[in-house]
Amino acid sequence: MAEEDRSAPRTFGVEEEYLLLHAADGTPADRAAQLVRDLAEHGEDADREFFASQLETATPVCRTAAEAEAALTGFRARLAREAERRGVVLAGTGLPPAGGEEAGTVTPQQRYRLIGEELGEAAAHQYVTGTHVHVAVPSSDAGVEVLARLARWAPALVALTANSPVWCGAETGFAAWRQIMNRSWPVSGYPPEFADGAAYERAIAQLVESGILIDSGIVTWEARLSQRFPTVELRIADAQLEAGEAVSFAVLVRALVEHALRDAAAGRARPEIAAGLVDGAVWKAARNGLDGELVDPLTARSLPAFDLVDLMIAEAQAELTEFGDFPRIERYVGRLRREGGPARRQLARFRERGMAGLLELYREGMGIGAPTAARAAARA
């Protein structure tokens with residue numbers, strides 16, 4: 001890889017997965033193929049996903065939050081309008097709120113069919129959709145340093161983005177039920193620590209050669225080195241209600257990656273975290289979201305969720321300030337303190353208006369529904 005240009009902020013990109021839901025009842029709608037064709041006719045790119053009720057898009061390589069938000073906001077609005085014409089709601093949520101008890105329709109592509117056959121019932125209900133953040137790194141050695149140094153913040157990152165509290169028409173008791181569903185994949189959770197990039201590649205090769213994985217693309221750790229791009233790929237977040245929240249999360253991750261790389265370059269030791277603490281802390285974050293306590297994997301102590309969030313932001317404050325993103329993160333976290341995370345907003349609407357309320361919330365997140373005056377005032 002060519003020497004990095006450090007005269008500008010580190011590049012990043014966001015991949016967003018979406019669910020397609022029937023407007024009548026919120027169950028998955030197998031319309032991805034039709035919508036991808038519709039978009040292609042208008043010069044828009046979108047990709048089909050594992051199930052026919054899921055699709056994905058990605059920003060271009062970005063330097064600023066404004067670039068990423070413009071790309072995602074425009075795409076969401078255009079795709080949502082196309083979906084509405086077909087009686088379908090485009091939803092930024094980690095799981096469909098209804099219909100999950102029915103096996104999904106696997107997209108008719110050879111690789112997806114093979115995954116379905118290999119995983120059987122473990123894959124039959126994997127309607128999981130996420131927000132994946134890519135951040136450029138100079139090498140695989142640098143990438144494994146980032147993975148190890150982000151581990152402490154995994155529960156805080158889950159809590160910020162937890163957005164799958166309703167499943168099969170009922171509250172799950174978890175803010176991010178998608179996290180629990182994800183644990184049925186052969187390789188899941190936060191990745192173990194690796195000495196260097198070569199050790200990481202050997203581990204992936206062994207997982208494939210052993211038959212545990214059908215290929216390296218199905219490494220479903222919550223953070224990994226991308227097989228397609230020179231990036232670290234953080235896959236820990238649920239799909240987000242709003243493009244702005246997805247982008248705010250992405251630039252926070254970008255700053256944490258930058259901080260980790262600078263610590264590694266300065267020779268600072270990786271955090272020492274006991275085995276099992278990260279995955280256990282992520283499980284608790286998936287249950288509590290921002291509305292309870294989180295476990296700090298470094299200290300193994302519980303503390304109020306926003307206390308750990310504040311520690312994480314303080315860790316990356318210099319980088320957020322340098323890249324011009326600190327005011328945005330202050331607004332992002334300020335809103336979460338006032339209104340709660342997206343999971344709490346989903347639950348509030350579900351309790352208030354049932355499935356119709358959730359579908360209304362999803363439309364608002366795509367920019368095609370208007371919040372009530374009271375809700376708009378609360379967000380201002």
Side-chain angles (χ1 to χ4, degrees), residues 1 3-14 61-63 65 131-161 189-201 203 219 221-226 229-237 247-274 277-279 281-282 285 294-299 308-326 328-329 333:
M1 180 178 174
E3 186 176 344
E4 289 188 293
D5 174 12
R6 300 311 309 131
S7 62
R10 187 173 299 277
T11 58
F12 72 101
V14 184
V61 176
C62 298
R63 291 277 187 187
T131 301
H132 301 168
V133 178
H134 288 260
V135 182
V137 292
S139 66
S140 60
D141 287 346
V144 298
E145 287 292 338
V146 169
L147 296 180
R149 294 166 190 274
L150 286 185
R152 180 187 184 185
W153 308 119
L157 295 169
V158 168
L160 284 175
T161 56
Y190 201 84
E193 194 167 325
F194 298 98
D196 52 30
Y200 180 95
E201 295 301 334
V219 174
W221 283 322
E222 291 163 344
R224 67 184 188 183
L225 305 187
S226 173
F229 309 112
T231 64
V232 167
E233 181 184 2
L234 194 72
R235 304 161 54 86
I236 206 165
V247 173
S248 294
F249 176 72
V251 295
L252 174 58
V253 170
R254 193 248 307 258
L256 290 167
V257 169
E258 184 71 36
H259 186 84
L261 289 170
R262 290 174 178 179
D263 271 359
R268 298 187 184 96
R270 295 176 179 181
E272 294 186 9
I273 298 174
L277 263 174
V278 174
D279 281 341
V282 163
L294 301 177
V295 173
D296 180 346
L298 185 64
T299 65
L308 187 59
V309 169
D310 288 344
L311 286 172
M312 176 176 65
I313 292 171
E315 176 96 349
Q317 183 171 343
E319 290 75 18
L320 287 167
T321 301
E322 177 183 338
F323 298 159
D325 293 323
F326 189 65
R328 183 187 184 100
I329 296 303
V333 175

CG on Asp325 to OG on Ser248, rounded to 0.5 Å: 8.5 Å

Using 0.5 Å steps for rounding, measure from the CH2 atom of Trp221 to the CD atom of Glu233. 13.0 Å

Kindly say whether [Y] contributes a backbone atom to a donor-acceptor pair with the side chain of [X] at under 3.5 angstrom?
X      : Y      : answer
Arg10  : Arg254 : no
Arg224 : Val219 : yes
Asp141 : Gly197 : yes

Is there a side-chain contact between [X] and [Y], using heavy atoms and a 4.5 Å cut-off?
X      : Y      : answer
Val135 : Val146 : no
Asp263 : Glu315 : yes
Val251 : Phe323 : no
Leu234 : Phe249 : yes
Ile329 : Ile313 : yes
Val137 : Thr231 : no
Val282 : Tyr190 : no
Gln317 : Phe326 : yes

Check step by step if side chain to side chain contact (heavy atoms under 4.5 Å, CB included) holds for Leu252 and Leu160. CA-CA 11 Å; Leu252 174 58; Leu160 284 175; 3.8 Å; yes

If you look at every heavy atom in [X] and [Y], which pair is closest and at what distance?
X      : Y      : result
Arg270 : Ala195 : NH2-O, 3.5 Å
Pro155 : Leu294 : O-CD1, 4.1 Å
Asp279 : Gly189 : OD1-CA, 3.6 Å
Pro297 : Ile273 : O-CG2, 3.7 Å
Leu261 : Ala142 : CD2-CB, 3.7 Å
Val247 : Ala65  : CG1-O, 3.6 Å

Worked check of side chain to side chain contact (heavy atoms under 4.5 Å, CB included) between Leu308 and Trp153: CA-CA 8 Å; Leu308 187 59; Trp153 308 119; 3.9 Å; yes

Applying side chain to side chain contact (heavy atoms under 4.5 Å, CB included) to Leu147 and Tyr200, what does each step give before you reach the verdict? CA-CA 11 Å; Leu147 296 180; Tyr200 180 95; 4.0 Å; yes

Looking at Glu319 and Arg262, is there a salt bridge between them, counting it only when a charged N and a carboxylate O are closer than 4.0 Å? yes

For Asp296, which residues count as a salt bridge (charged side-chain N to carboxylate O under 4.0 Å, His left out) partner, sequence neighbours excluded? Arg152

Do the rings of His134 and Phe229 sit parallel, tilted or perpendicular, given the 30° and 60° boundaries?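 Plane angle over 60°, so perpendicular.
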
